Number of protein chains: 2
Amino acid sequence: MNEAEVLTMLGALSQQTRLQIVRFLMRCGDTGASAGEVGQEVGATSSRASFHLSALENAGVITSERQSRHIYYRANPAGMGALVSFLLNDCCDNHPDVRACCGVVSSCC
Amino acid sequence: MNEAEVLTMLGALSQQTRLQIVRFLMRCGDTGASAGEVGQEVGATSSRASFHLSALENAGVITSERQSRHIYYRANPAGMGALVSFLLNDCCDNHPDVRACCGVVSSCC
DNA sequence: TTAACACTTCAAGAGATATTGAGATATGAA
DNA sequence: TTCATATCTCAATATCTCTTGAAGTGTTAA
């Protein structure tokens, strides 16, 4: 994961509506949720939800799959894992105090 | 760490110059670096460096301490740890695939 | 006190991003 | 085919953020 990808992902997450969307989709698990359900959950119009879902998908935080007339969005654990891994390893230079805070015991990814 | 604090921290990190500053200060460790040194490292004017350092300090990513005419900035591992912890626990709902990616074995903070 | 240095704050302009509503596209049912 | 539903795209506006340079604050030394 290079710096540009990390910046895109951090930027995508640093917005209230989008952070809410990610938290919701993480709770939804493999089932995922349609754009309409996502919009309803976070109190957004469909075009606003669509805009934010695009940003999140573009950043690699979520994925989408069309099923008949619905498009189901799902959280992408691998993407979030890569971000966390970058923060711990590259950004924080494997600082033990940072790793200790989250129960990280071995070096990673 | 509440949602507003997380958003502030993610926003602070989602900018190239500021991400560079954090990485540099993490490498500097307890010694830290002055605003001038930071600016030189990331290729920023003094006012630009000061602007970004303020944003990072305000977000809790770094700390500052005046020593005579210099102000020394240091990375704040506890702040970064809290952010990573939030991402793993709250945001990702303790999703095992996310935790696995970084060698996280126990639940945390 | 005066001067030099290190850093911060302020204001202004440029650029990026968020929100909204209207219209377009895609799918499935009648 | 026609209609209804689900979602996306587009343009306009508003808001936020970054950068720059000038002016201000605080510290040390002469």
Side-chain angles (χ1 to χ4, degrees), chain A residues 3-25 28 31-76, chain B residues 3-25 28 31-76:
Chain A
E3 190 182 81
E5 292 171 329
V6 170
L7 288 171
T8 301
M9 197 175 281
L10 288 170
L13 292 173
S14 66
Q15 210 279 340
Q16 188 174 32
T17 304
R18 289 201 288 260
L19 194 58
Q20 286 178 344
I21 290 175
V22 172
R23 297 173 84 174
F24 174 59
L25 289 180
C28 290
T31 310
S34 68
E37 289 170 327
V38 169
Q40 199 161 16
E41 171 74 18
V42 304
T45 62
S46 68
S47 87
R48 204 173 132 214
S50 176
F51 170 76
H52 288 308
L53 285 165
S54 297
L56 288 169
E57 185 174 13
N58 180 56
V61 183
I62 66 175
T63 61
S64 71
E65 183 192 3
R66 180 176 279 276
Q67 280 182 16
S68 106
R69 79 172 58 177
H70 293 268
I71 296 179
Y72 283 92
Y73 290 91
R74 294 184 187 84
N76 177 21
Chain B
E3 190 181 82
E5 292 170 330
V6 170
L7 288 171
T8 302
M9 198 175 282
L10 287 170
L13 292 173
S14 67
Q15 210 278 342
Q16 189 175 32
T17 304
R18 290 201 287 260
L19 195 57
Q20 286 178 343
I21 290 175
V22 172
R23 297 173 85 173
F24 173 59
L25 289 181
C28 289
T31 310
S34 68
E37 289 170 326
V38 170
Q40 199 162 16
E41 171 73 18
V42 303
T45 61
S46 68
S47 89
R48 204 174 131 216
S50 176
F51 170 75
H52 288 306
L53 286 165
S54 297
L56 288 169
E57 186 175 13
N58 180 56
V61 183
I62 65 175
T63 60
S64 71
E65 182 192 4
R66 180 177 277 277
Q67 280 180 17
S68 111
R69 81 171 58 176
H70 293 268
I71 297 180
Y72 282 91
Y73 290 90
R74 294 185 186 84
N76 177 22

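Order of the sequence lines fixes the chain letters, A, B, ..., with proteins taken first and strands second; residue numbering starts at 1 for each chain. Keep in mind it's a predicted model, so treat the numbers as computed, not measured.
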> Heavy atoms only: give me the nearest B:Gly60-B:Asn76 pair and the separation to one decimal.
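Nearest heavy atoms, B:Gly60 then B:Asn76: O-ND2, 2.9 Å.
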> Roughly how many Å is it from CG in A:Leu13 to C1' in C:dT17, rounded to a whole number?
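One finds 16 Å between C1' of C:dT17 and CG of A:Leu13, rounded.
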> Can you tell me how far P of C:dA6 sits from OH of B:Tyr72, to the nearest Å?
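After rounding, the gap between these two atoms is 10 Å.
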> Checking the side chain of A:Ser50 only, and the main-chain atoms of A:Ser46 only, is there a donor and an acceptor separated by less than 3.5 Å?
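It does not hold such a pair.
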> CZ of A:Phe51 versus C1' of D:dT7: gap in Å, rounded?
16 Å
> Measure from the side-chain N and O atoms of A:Arg66 to the backbone N and O of A:Ser68, and report whether any donor-acceptor pair falls under 3.5 Å.
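Side chain of A:Arg66 to backbone of A:Ser68, a donor-acceptor pair under 3.5 Å: yes, one is there.
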> Please report, rounded to the nearest Å, how far the P atom of D:dT17 is from the CG atom of B:Leu56.
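Answer to the nearest Å: 14 Å.
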> Between D:dC8, C:dT19, D:dT19, which one does the side chain of A:Tyr73 approach most closely?
D:dC8
> Side-chain N or O of B:His70 versus OP1/OP2 of C:dC7: is the shortest distance under 4.0 Å?
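Answer yes for this pair, as a side-chain N or O of B:His70 is under 4.0 Å from OP1 or OP2.
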> Quick check on D:dT17: is either OP1 or OP2 less than 4.0 Å from any side-chain nitrogen or oxygen of B:His52?
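It does not, given that no N or O in the side chain of B:His52 lies less than 4.0 Å from OP1 or OP2 of D:dT17.
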> Between B:Gln16 and D:dT19, does any side-chain N or O lie under 4.0 Å from OP1 or OP2?
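Result: no.
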> Measure across A:Gly11 and A:Arg18 and return the closest heavy-atom pair with its distance rounded to 0.1 Å.
O-NH2, 3.5 Å
> Which residues in residues 35-50 of chain B have at least one heavy atom lying under 4.0 Å from any atom of DNA chain C?
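Those residues are B:Ala35, B:Gly36, B:Ser46, B:Ser47, B:Ser50.
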> Show the nearest heavy-atom pair for residues A:Ser34 and A:His70, with the distance to one decimal.
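In this case the closest contact between A:Ser34 and A:His70 is CB-ND1, 3.9 Å.
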> Would you mind reporting whether B:Glu3 and B:Leu7 have side-chain heavy atoms less than 4.5 Å apart?
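They are in contact (side-chain heavy atoms under 4.5 Å apart), so the answer is yes.
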> Whole Å only: how far is the CD atom of B:Glu65 from the P atom of D:dT27?
14 Å
> Start at the 5' end of DNA chain C and walk down; is the nucleotide closest to A:Arg69 or to A:Thr17 reached first?
A:Thr17
> Measure from CG on A:Leu7 to C1' on C:dT17 and round the result to the nearest Å.
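These atoms are roughly 16 Å apart.
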> How close or far is atom P of D:dC18 from atom CG of B:Leu19, stated in whole angstroms?
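Rounded to whole Å, this separation is 13 Å.
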> Quick check: closest heavy atoms across B:Ser64 and B:Glu57, and the distance to 0.1 Å?
OG-OE2, 2.8 Å
> How many whole angstroms separate atom CD of B:Gln20 from atom P of D:dC18?
14 Å
